[in-house]
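Remember, predicted model here, so these are calculated numbers, not experimental data. The sequence lines fix the lettering, A, B, ..., with proteins before strands; numbering per chain opens at 1.
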Amino acid sequence: MMRAALLLGVLSCLYTTTAVGQTIRFRVDAVGLTYQEGGNQGVDLGTGFGGAVDLRLKRFLVTVDGTATRMVPEDDGALGYDFAQFDVRVGYEFTPFLALQVGGQRRYVTPEFAAQEVGMFSIGVLSENQLNRISSVWLRGAYLINPQFSGGGQSELSFDFGLGVAVGTANGRFRGSAEYSFQRIDREVDNAAVPIQMSVARLGVALGF
Amino acid sequence: MINRVSACLLVSSGMLCGAAHAQQNSAVRSARAAYEQLEYEQAIALGQRALGQTISRDERASAYEILGLSYGALDSTPRAIEAFQELILIDPDREPDPVSVSPKITALYSQALGRMLVVRNVKIEEASFVAGEGSLPIEFQIPRLASVRVDDVGGGLELRVDSLNVAGPAQVFWKGLTPEGDPVPPGRYQIIIEAAAGPDRYATQVVLEIVHGPVDSVEHITSIPGRTEQEEMMQPGRNWKPLGIATLYTAIAAATSLALENTDLAKPPRKEIAAVSFTALVTGLVMSLKKPDAVPVESAILYNQLLREQIEQTNIEISEENVERRGQTMLVIRLSQTALPAGS
């Protein structure tokens, strides 16, 4: 109860202090995830939830999001595991359709070594296009710089790619979104390919101020 | 702001025009009857007898008129001119009617007039004007060259309206201001027109009533005639751009993710890209089918802005003018007395 009251207080302050040209948006997501790792093995499927905070300050964009999913391997008998991922991206809009983004990503797995934990930086671009006053679509692509793995190894080619669409109210207060992201990391350990590939779908609702 | 309700103020008896004026004095009436029966000598005798009696100004003018006409008919030119001169002194505005009066008589009258110094046909119209911005025209005629002074006397003031040398018609303007530039106080004023030529002098006067009134303020405007505000928003036609953009982005995303899938791994289910692509395409379609939002028309907005600025500027000027008007005085001029000779 105390936490809810505190949250309401924070939101009220944001509502009254948000400046012109500044938007902050809180989002909660339902998450569906497909994860693949190693040789020609099976696919791990997971569902969970996520949350994100998007801040737009004139031409600057900051996104902090996290997801938590319970992964279940398709192979019968394999144990499931928990999967948590956090992303931070900071962008600058050069034009209304194109922004440069840099960021970092960290992925945690429980129990340990059920899948690779990864940490990496990213640099990429974001292209968001307003369909009209209440909706937009965007594409995102990023190169993942020098990923670090809990099981060791290195990657020469890693990238992240995404597609999103959002529809909201004209005043920007409420917004629903669907976002797809695809990640491929060509990991090698002792010259042996142990690739990682992940697809994530997020269906979210956001409250903006 | 000349008020044309009132016309000529002059005394215009018009006997020579043949109008039937009732004469109170029997001698004048008999003299006229004798003249009309062409019995000029009797008319002269009766006219002189009337002048020996106590009669009114109009009757006196009529008696001299009959004498002038009768002497003229008898070719007694000096006496005719003398009688007409007396008539002109009494009623300087009287004119012989060229239709009913012979040219010989008219010529005699003109000779008499040319020898006289009088101020004739004084014409002042009722008017109202803002003190300092308008003036009252005063028209008159002088039959021969003379120095003329026009003065305004009243309200404790004696002001010179104008002075000029003139022969024939003349016009001067009275502004209704004191020497300090203030409006003259309300009250009765005499406009005195005095003509002088050598030893001859003649003056006439008109009495005016001056009333102060407020100056009407100007109403503010809400529009400018001939210019109307334009629609600032325009409803565009159906737009398939949202569907096009959504399709383009979806195609790029789907093609890229399919092309970059790692073939060393098992074929993934791809339901994530399918679900989000479907959502993006449906969103694009719905937004294309949806009635487009009205878009602003920049030229109309700029036009309206300029129009509003112009109205605002005009209203500011009107406000400033009203402030000035509140400090102004409207002089309303009414005529109290017609032009009368003040002396000769």
Side-chain angles (χ1 to χ4, degrees), chain A residues 30-45 74-75 97 127-141 157-167 170 176-187 192-203, chain B residues 231-298 300-301:
Chain A
V31 179
L33 192 148
T34 299
Y35 182 81
Q36 295 173 276
E37 184 181 323
N40 191 13
Q41 297 177 2
V43 176
D44 299 344
L45 301 175
E74 279 188 327
D75 296 342
F97 307 105
S127 172
E128 182 167 10
N129 205 319
Q130 293 290 134
L131 299 180
N132 57 14
R133 202 152 54 97
I134 62 170
S135 63
S136 64
V137 292
W138 65 90
L139 277 175
R140 181 172 58 76
L157 178 64
S158 306
F159 57 85
D160 195 68
F161 188 79
L163 167 71
V165 59
V167 180
S177 64
E179 186 174 11
Y180 163 75
S181 63
F182 174 81
Q183 189 179 85
R184 171 175 167 169
I185 301 173
D186 289 352
R187 178 185 173 222
V194 192
I196 297 171
Q197 185 167 279
M198 184 173 73
S199 298
V200 183
R202 291 187 181 88
L203 189 64
Chain B
E231 286 291 330
E232 294 187 351
M233 300 296 284
M234 183 185 69
Q235 185 68 49
R238 188 169 302 287
N239 183 7
W240 294 101
K241 185 179 170 186
L243 179 60
I245 294 171
T247 303
L248 176 66
Y249 275 46
T250 301
I252 292 172
T256 305
S257 64
L258 289 175
L260 297 180
E261 274 182 2
N262 194 326
T263 53
D264 293 338
L265 294 170
K267 185 180 177 183
R270 299 169 183 161
K271 54 189 176 186
E272 292 88 359
I273 181 66
V276 175
S277 295
F278 178 75
T279 305
L281 291 173
V282 169
T283 301
L285 179 63
V286 170
M287 295 307 154
S288 288
L289 296 176
K290 180 176 173 289
K291 187 179 174 185
D293 295 331
V295 294
V297 183
E298 296 296 334
I301 292 170

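Scanning both residues, S199(A) and E272(B), for their nearest heavy atoms gives CB-OE1, 3.6 Å. Annotation for L131(A) and A246(B): closest pair CD2-N, 4.1 Å, computed over non-hydrogen atoms. Closest approach of Q197(A) to L265(B), counting heavy atoms only: CB-CD1, 3.4 Å.
A distance of 9.5 Å separates CZ of F182(A) from CD1 of I273(B), quoted to the nearest 0.5 Å. Distance check, rounded to the nearest 0.5 Å: CD1 of I252(B) to CZ of F161(A) gives 7.5 Å. In this structure, NZ in K290(B) is found 5.5 Å from CG in N132(A), a value given to the nearest 0.5 Å. Considering CZ of F159(A) and OG1 of T256(B), their distance stands at 9.0 Å, rounded to 0.5 Å.
Comparing G244(B), P269(B), G284(B), S288(B) by how many heavy-atom pairs each has under 4.5 Å with chain A, the most go to P269(B). Taking N262(B), T283(B), T279(B) one by one and counting their heavy-atom pairs under 4.5 Å with chain A, the maximum is reached by N262(B).
Q36(A) places a side-chain N or O within 3.5 Å of a backbone atom of A266(B) that can act as its donor or acceptor partner.
Using a 4.5 Å cut-off between heavy atoms, V137(A) touches chain B through backbone and side chain atoms alike. Only the side chain of S135(A) comes within contact range of chain B, with at least one heavy atom under 4.5 Å from a heavy atom of that chain. At a 4.5 Å heavy-atom cutoff, L203(A) makes no contact with chain B through either its backbone or its side chain. The parts of R133(A) that come within reach of chain B are both its backbone and its side chain, each placing non-hydrogen atoms under 4.5 angstrom from that chain. In this structure, chain A has no heavy atom under 4.5 Å from any part of A275(B).
A donor and an acceptor atom, one from each side chain of Y249(B) and S127(A), are located under 3.5 Å apart.
In this structure the side chain of I245(B) never reaches within 4.5 angstrom of the side chain of Q130(A), judged on heavy atoms.
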